[in-house]
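In what follows, chains are A, B, ... by sequence order, proteins preceding strands, each numbered from 1.
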Amino acid sequence: MKIKLSKSNQNNIIFKDFEMDIKDYHVNIVMGPSGCGKTTLLNCIARLSKYKGYIDNHHQSIGYVFQEDRLFPYLTVMNNLKIIEKNNQKIKTFMKQFQVYDLKDQYPHHLSGGEKQRISIIRAFIRQNDLVLMDEAFKSLDYHLKWQLVELIAKIQKEMKQTLILVTHDIEIALYLGHYIHVLTKKTTQLKESISNPYIHQELNENSVILRNKLKYLLTH
Amino acid sequence: MKYINGKRRIRIVFYGLAILCITLVYWIISHIIDNVMILPKIKIILSYLLSIEKSDFINHIASTMIKVLISYMISTILALLLAIIAHYKKLYLMINPYMSILKTIPTISIILILFIWFGNEQSIYFIPIIVIIPILYETFHYHLKNIDHKLVDVTKVYQFNVSMKVRYLFFYPLLEAFMLSLKQTFGLCFKIIVMAEVIGQAKNGIGAKIQNEKINLTMEGVFAWTIILISIVLVIDFIIDFSTRKAVKWKCNHEN
């Protein structure tokens with residue numbers, strides 16, 4: 001998926017001739033300093049924001065895990081998922097995988113931040129979407145749950161072969177989950193570097209530490 | 001669940017205590033005054049209540065109820081249509097001043113003007129419409145204006161069709177708004193209809209009966225029909241509460 005876009009917001013130029021190449025059927029991590037336009041980039045890809053230029057987005061269906069849960073407050077968890085996917089059995093399987101099946105009859109108000117985020121993740125993955133966008137999806141989760149979900153998402157992506165674009169500040173998650181890691185500059189946003197990650201789905205080791213340090217350097221300089 | 005039941009039980013006990021208190025106070029004052037023309041004794045009111053013929057009773061209540069239902073239905077439909085037009089055609093700049101004016105006109109002026117224009121019987125249907133439309137319009141318009149744009153994004157991403165968008169973006173929030181304002185506006189509609197029946201000297205209805213008893217100087221009749229009116233409003237309140245709990249479960253669950 002090729003991206004070439006410019007976008008400004010009132011007096012601020014967010015992107016000027018910004019170019020990026022998203023690798024289809026892989027996990028693409030987008031990293032960069034706060035406020036550099038990562039969420040705006042996802043919104044442009046999801047066709048929620050207007051921009052100049054083009055995004056060669058041939059994907060038919062998109063799933064999006066927003067920073068906030070964005071569940072329909074007047075629907076139960078089950079119904080929030082049913083409006084996306086009609087297959088009850090599939091919903092049940094996903095809910096069990098994500099350990100939220102007991103919450104199926106609850107309304108979002110009754111759920112914790114982590115539970116809501118898990119439902120939101122299920123919603124993005126349950127319909128065989130070609131493209132899944134995740135905007136800091138693991139932010140509100142505790143360490144143990146976060147890694148449980150990271151592993152689960154890695155497994156699902158491997159099975160479904162979806163294109164996944166994940167925005168995160170967490171270098172460990174980026175290294176574990178991302179086939180490619182794209183680092184953005186501060187305003188006006190440009191692509192600083194795209195890195196292919198050979199240490200995907202591996203625990204941190206001597207070699208991946210070098211890459212981690214490089215990422216740290218790129219993000220701070 | 002036990003907690004909710006306990007809470008409800010406490011509410012019923014306090015309700016009963018309040019009724020008991022007011023009955024006791026009324027009983028004492030009516031015995032002190034001891035004048036049937038000012039404050040008839042409870043015994044007299046009760047015997048009047050028991051003397052009301054069943055067919056008469058049903059007739060008058062049904063007559064008022066039909067007027068209330070028709071007026072309320074028309075008010076709701078008109079308020080909703082106006083709110084939708086105001087929201088989508090950006091005509092709120094034109095509609096809002098009318099609503100503000102309607103809200104400020106005293107009810108008694110509306111009653112008298114409509115009686116002169118349309119005659120007593122027909123006007124009874126219009127009076128509550130004019131009073132209630134601005135309230136319902138404001139509720140609907142506010143909720144349409146404050147549709148959650150984050151959820152709009154969700155419907156775009158997941159490619160909801162038009163009927164799904166209407167259902168999940170508009171229907172539920174409007175239902176919530178309507179159900180939560182139903183108790184207030186329906187009770188108001190009821191009171192206005194009875195008042196209009198009294199002032200307009202309607203042929204049928206609770207207001208007509210109250211007016212009739214007043215002319216005949218039968219104070220126990222006025223009190224008895226007022227008690228009937230209060231009982232009906234309480235029953236309707238209970239039905240509305242029950243329906244609201246069923247219709248907007250997410251809200252009630254959240255509040256409990």
Side-chain angles (χ1 to χ4, degrees), chain A residues 39-40 42-50 57 59-86 103-111 116-117 119-135 137 165, chain B residues 1-5 7 80 83 139-183 240-256:
Chain A
T39 302
T40 312
L42 290 192
N43 285 341
C44 290
I45 296 170
R47 306 175 188 111
L48 295 176
S49 284
K50 286 180 182 167
N57 187 358
H59 299 95
Q60 294 298 312
S61 58
I62 300 174
Y64 196 158
V65 184
F66 296 91
Q67 271 191 39
E68 328 81 30
D69 60 89
R70 299 201 190 186
L71 299 172
F72 289 94
Y74 25 80
L75 298 179
T76 59
V77 166
M78 191 63 161
N79 288 336
N80 260 292
L81 296 173
K82 260 188 185 169
I83 54 175
I84 305 296
E85 171 61 53
K86 299 279 176 275
L103 308 173
K104 66 182 192 319
D105 296 322
Q106 300 278 358
Y107 286 96
H109 291 124
H110 288 148
L111 309 183
K116 282 191 241 186
Q117 199 60 6
I119 308 297
S120 190
I121 294 171
I122 296 176
R123 182 170 69 177
F125 280 95
I126 198 160
R127 194 175 64 177
Q128 188 89 37
N129 291 311
D130 306 325
L131 172 67
V132 176
L133 309 169
M134 298 177 87
D135 192 1
I165 306 175
Chain B
M1 197 67 191
K2 267 182 190 170
Y3 168 71
I4 296 166
N5 281 341
K7 222 172 144 185
L80 186 59
T139 309
F140 290 143
H141 188 224
Y142 175 83
H143 277 79
L144 281 174
K145 227 170 56 182
N146 291 293
I147 291 292
D148 190 346
H149 286 279
K150 289 177 178 174
L151 293 181
V152 176
D153 283 349
V154 174
T155 64
K156 283 182 188 165
V157 168
Y158 293 103
Q159 296 161 347
F160 281 27
N161 58 31
V162 178
S163 75
M164 281 171 85
K165 275 185 189 168
V166 169
R167 188 168 171 196
Y168 297 116
L169 284 179
F170 302 103
F171 173 73
Y172 284 106
L174 286 179
L175 175 71
E176 182 183 321
F178 174 68
M179 290 309 288
L180 296 177
S181 67
L182 182 63
K183 198 170 167 178
I240 291 173
D241 275 345
F242 181 76
S243 326
T244 307
R245 272 200 299 274
K246 291 281 163 204
V248 284
K249 273 185 200 161
W250 65 93
K251 193 78 188 168
C252 298
N253 278 353
H254 180 45
E255 279 168 2
N256 279 328

What part of [X] gets within 4.5 angstrom of chain B, counting heavy atoms only: side chain, backbone, both, or neither?
| X | answer |
| --- | --- |
| A:Ile62 | both |
| A:Arg123 | both |
| A:Glu68 | side chain |
| A:Ile83 | both |

Under 3.5 Å, is there a donor-acceptor pair between the side chain of A:Ser120 and the main chain of A:Lys116?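 No, A:Ser120 side chain to A:Lys116 backbone: no donor-acceptor pair under 3.5 Å.
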- request: Would you confirm whether A:Gln106, through its side chain, and A:Leu111, through its main-chain N or O, come within 3.5 Å as a donor-acceptor pair?
  value: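 Pair absent, no side-chain N/O of A:Gln106 close to backbone of A:Leu111.
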| request: Could you please spell out the steps behind the side-chain contact (heavy atoms from CB on, under 4.5 Å) verdict for A:Leu48 and B:Lys156? | output: CA-CA 7 Å; A:Leu48 295 176; B:Lys156 283 182 188 165; 3.7 Å; yes
Q) Any idea which of A:Leu75, A:Asn129, A:Asn43, A:Leu71 has the most non-hydrogen atom pairs under 4.5 angstrom with chain B? A)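 It is A:Leu75.
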Counting heavy-atom pairs closer than 4.5 Å to chain B, which one of A:Ser61, A:Gly63, A:Pro108, A:Ala46 comes out on top?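 Result: the option with the highest number of such pairs is A:Gly63.
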Practice task
Would you indicate whether the side-chain heavy atoms of A:Phe66 and B:Asp153 approach each other to under 4.5 Å?
Solution key: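 In contact.
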Q: Evaluate the ring planes of A:Tyr74 and B:Trp250, with Trp represented by its six-membered ring, and classify them as parallel (under 30°), tilted (30 to 60°) or perpendicular (over 60°).
A: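 Ring orientation, 0 to 90° scale: perpendicular.
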